[in-house]
Participant: 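What follows is a single structure, and I will ask about it in a moment.
Chain A is the first sequence line, chain B the second, and so forth, proteins listed ahead of strands; every chain is numbered from 1. Hydrogens, waters and symmetry mates play no part in the numbers below; they use all other heavy atoms, side chains included.
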Amino acid sequence: MHVPDGFLDAPTSVATGVVAVAGVALALRGARNELDDRTAPLAGLVAAFVFAGQMMNFPVAGGTSGHLLGGALAAVLVGPYAGVLCISVVLAVQALLLADGGITALGTNITLMALVGVVAGYAVFKAVLLVLPRRLSSVAPAAAIGALLSVPAAALVFSLLFAVGGEAPIGFGKVLGAMLGWHLLIGIGEAAITGLVVGSVLAVRPDLVYGARGLFGDRKLEIRATAGGAA
Amino acid sequence: MGAGHGHTLHYHGHSLVHRAPAHLKVLALVGFMLVVVATPAHWHPAFAAYAVLLLGAVLASRVPLLFLARRMVVEMPFAVFALLMPFVADGPRTEVLGLTVSEPGLVAAGALMTKATLGVVASLTLAATTEAVELLAGLQRLRVPDLIVQIMGFMVRYLDIVAGDLRRMLTAMRSRGCDPRSPRHWPLLARSLGALFIRSYERGERVHLAMLSRGYTGSLPEMSTPTHRPHA
């Protein structure tokens, strides 16, 4: 998934690097406003969670498996600012300590997966929430749709970058077709996992889900009788 | 994760490359790779020179070549892509081993493989010779925003713990007879991930409180540059 060195030419890599730095700087400011001095430990632990989550294999069929990318998931769980920070840090550590993704392509990878992936995922999530009824049960499906579209959105931006600074003579249409087709499939898996994970967190700690804020405030404490045995 | 342990790609050593300051190594890696990426595909002697230079650095680091080679699997997806490139690229066709392929595609595939391989080996050399703590101190010296370095530090420090949490959950799942093999098990796996998120987030809250009780006001004390100590 990670773009390696030499895929895009140097000017494009530097340009996406500048975009990435600007985006991360904005996210830093936003996250600090929301979390103040909790930013470092919380974003750090959530980044560790995303990293570990990417290691979990979701079996598909015939011995193959896929894994989560986590952009939309992080956006819905901790908000777009902290989400951008977490994914960016994960990508930086992967490039520096695991040689996963080229070091000159780090800006490209952050732009695609942290900025486009998180922001597109969150924007779609918010838009879908506006359409769906204002209920807690709308959050997980909205997150799934956000995840579904965030992956092809990143693929679309990659195709555009490749058309501008790609180091191979492949027509834009061909790249776009292959990237969108393949990433729509990945997006379906991403959507299923994101929706399920968000749903499971909502069931236990809805207060932790950033995207669900304001949707469960008016619930009343109810005392339930335990007749009928242990629930 | 104790303080003395290296991350998985780290190869313990005391060579010149190991002892070089991390910020210089990062700068060297970025500079080297920018030059490599900016080199036109047909400048074959330049690529040979880069390879010799890189090999020199690897040999100087005394990291076994096999150690690096085994970790080059991260490159696999792009090897596949490069292999396909001559078939899908545009431009005049040429014949190789009885197959009709695109000539510019072939050139581009060769350049891509060369550049990506140089990048992977160079990055692996940095990873193999630099401890995570040194890297963080190096990034701090490179004026990477303090908060980013802090987040990275927490991530690196707690990754083994969070990954261990996940491993134990999956072990518990298997020991209860559920071996996830098909998409049918996705809801189960996703619930584990949800639980992992809650655990991680709550751990972050506890860490924050623990930091406050030790006088945290937004910045961590200066990270001491670790010296290579004998293992306790």
Participant: Side chains of L159(B) and F49(A), heavy atoms from C-beta outward: is any pair under 4.5 Å?
Facilitator: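 Sidechains of F49(A) and L159(B): no contact.
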Participant: Taking atom CG of L45(A) and atom OH of Y201(B), what is their separation to the nearest 0.5 Å?
Facilitator: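 Here the interatomic distance stands at 10.5 Å.
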Participant: Relative to chain A, which of L34(B), V26(B), T114(B), D146(B) shows the most heavy atom pairs under 4.5 Å?
Facilitator: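 Max contact count across the listed options: L34(B).
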Participant: Would you check if S192(B) and M56(A) make a side-chain contact, meaning some heavy-atom pair closer than 4.5 Å?
Facilitator: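 A side-chain contact exists here, since the closest heavy-atom pair is under 4.5 Å.
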Participant: What distance do L85(A) atom CG and I148(B) atom CD1 have between them, rounded to the nearest 0.5 Å?
Facilitator: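 Here the rounded value is 5.0 Å.
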Participant: What part of A111(B) gets closer than 4.5 Å to chain A, counting heavy atoms only: side chain, backbone, both or neither?
Facilitator: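 When you check distances to chain A, no heavy atom of A111(B) falls under 4.5 Å.
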Participant: With a 6.0 Å cut-off (strictly less than), is the heavy-atom count around OH of Y81(A), excluding the residue itself, greater than 12?
Facilitator: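 Incorrect, the count does not exceed 12.
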Participant: Return the minimal non-hydrogen interatomic distance between A99(A) and V120(B), and the atom names on each side.
Facilitator: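 The answer is CB-O, 4.0 Å.
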Participant: Measure distances from L8(A) to the heavy atoms of chain B and classify the residue's part below 4.5 Å as side chain, backbone, both or neither.
Facilitator: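 Backbone only.
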Participant: How far does OG1 of T39(A) sit from CZ of F154(B), to the nearest 0.5 angstrom?
Facilitator: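 Result: 11.0 Å between the selected atoms.
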Participant: Using a 4.5 angstrom heavy-atom cutoff, name the option from V204(A), L77(A), I193(A) with the most pairs to chain B.
Facilitator: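 Most heavy-atom pairs within the cutoff with chain B belong to L77(A).
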Participant: Between CD of E205(B) and CZ of R38(A), what distance do you get to the nearest 0.5 Å?
Facilitator: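 One gets 6.5 Å once the value is rounded to the nearest 0.5 Å.
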Participant: Working note: V37(B) + D9(A), criterion side-chain contact (heavy atoms from CB on, under 4.5 Å); need CA distance, chi angles, decisive distance, verdict.
Facilitator: CA-CA 6 Å; V37(B) 169; D9(A) 61 16; 5.6 Å; no
Participant: Need one label for V198(A): side chain, backbone, both or neither, based on atoms under 4.5 Å from any heavy atom in chain B.
Facilitator: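 Neither; nothing under 4.5 Å.
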Participant: Does the side chain of V46(A) reach to within under 4.5 Å of the side chain of F197(B), using non-hydrogen atoms?
Facilitator: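 They are in contact (side-chain heavy atoms under 4.5 Å apart), so the answer is yes.
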Participant: Which region of L209(B), side chain (C-beta onward) or backbone (N, CA, C, O), has a non-hydrogen atom less than 4.5 Å from a non-hydrogen atom of chain A, or is it both or neither?
Facilitator: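 Answer is neither: L209(B) stays 4.5 Å or more from chain A.
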Participant: Specify the closest pair of heavy atoms between S200(A) and A190(B), including all atoms of both residues, with the distance to one decimal.
Facilitator: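 Distance-wise, the nearest heavy atoms are OG-O, 3.8 Å.
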Participant: Does some side-chain heavy atom of V93(A) sit less than 4.5 Å from a side-chain heavy atom of M155(B)?
Facilitator: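 Yes; the side chains approach each other to less than 4.5 Å.
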Participant: Given that the side chain runs from C-beta out, which part of L170(B) has a heavy atom under 4.5 Å from chain A: side chain, backbone, both or neither?
Facilitator: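 The answer is the side chain of L170(B).
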Participant: Please state whether the side chain, the backbone, both or neither of M113(B) comes within less than 4.5 Å of a heavy atom of chain A.
Facilitator: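 For M113(B), neither part sits under 4.5 Å from chain A.
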Participant: Look at P180(B), P183(B), A195(B) and state which one has the largest set of heavy-atom pairs under 4.5 Å with chain A.
Facilitator: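 Greatest number of close heavy-atom pairs with chain A: P183(B).
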Participant: Evaluate side-chain contact (heavy atoms from CB on, under 4.5 Å) for L135(B) paired with L96(A), printing each intermediate quantity in order.
Facilitator: CA-CA 9 Å; L135(B) 181 74; L96(A) 287 168; 3.8 Å; yes
Participant: Please look at L196(B) and chain A and tell me whether the side chain, the backbone, both or neither of the residue comes under 4.5 angstrom of a heavy atom of that chain.
Facilitator: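 Both backbone and side chain.
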Participant: Any donor-acceptor pair under 3.5 Å linking the side chain of W186(B) with the backbone of P59(A)?
Facilitator: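 Such a contact is found between W186(B) side chain and P59(A) backbone.
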Participant: What are the two closest non-hydrogen atoms of L193(B) and L68(A), and how far apart are they?
Facilitator: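 Answer, listing the atom of L193(B) first, then L68(A): CD1-CD2, 4.0 Å.
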Participant: Between T125(B), I198(B), V30(B), D165(B), which shows the greatest number of heavy-atom pairs under 4.5 Å with chain A?
Facilitator: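 Counting heavy-atom pairs under 4.5 Å, the top option is I198(B).
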Participant: Let me know if A95(A) has heavy atoms under 4.5 Å from chain B in its side chain, its backbone, both or neither.
Facilitator: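 When you check distances to chain B, only backbone atoms of A95(A) fall under 4.5 Å.
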Participant: Kindly indicate whether the side chain of D5(A), heavy atoms from C-beta on, has any atom under 4.5 Å from the side chain of V36(B).
Facilitator: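 The answer is no, as the side chains (C-beta and beyond) never meet within the 4.5 Å cut-off.
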Participant: Go through the atoms of V90(A) and report whether side chain, backbone, both or neither lie under 4.5 Å from a heavy atom of chain B.
Facilitator: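 Both the backbone and the side chain of V90(A) come within 4.5 Å of chain B.
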Participant: Nearest 0.5 Å, please: how far is CG in D37(A) from CG in L212(B)?
Facilitator: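 Here the interatomic distance stands at 5.5 Å.
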Participant: Evaluate whether atom CZ of R174(B) has more than 12 neighbouring non-hydrogen atoms of other residues, nucleotides or ligands under 6.0 angstrom away.
Facilitator: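 Above 12, so yes.
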Participant: Decide yes or no for R191(B) and L196(A): does some side-chain heavy atom of the first lie under 4.5 Å from some side-chain heavy atom of the second?
Facilitator: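 SC-SC contact between R191(B) and L196(A) ruled out.
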Participant: Is chain A contacted by the side chain of P145(B), its backbone, both, or neither, given a heavy-atom distance below 4.5 Å?
Facilitator: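 Contact with chain A is through the side chain of P145(B) alone.
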Participant: Contact part of V14(A) toward chain B, heavy-atom cut-off under 4.5 Å: side chain, backbone, both or neither?
Facilitator: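 The side chain, not the backbone.
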Participant: Taking every non-hydrogen pair under 4.5 Å, which of G101(A), S13(A), A203(A), A47(A) racks up the most with chain B?
Facilitator: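 That would be A47(A).
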Participant: How many angstroms lie between CG in L97(A) and CE in M152(B), if you round to the nearest 0.5 Å?
Facilitator: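 Here the interatomic distance stands at 8.5 Å.
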Participant: Under a 4.5 Å heavy-atom cutoff, which of A31(A), A52(A), P11(A) has the most pairs with chain B?
Facilitator: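 So the answer, after comparing A31(A), A52(A), P11(A), is A52(A).
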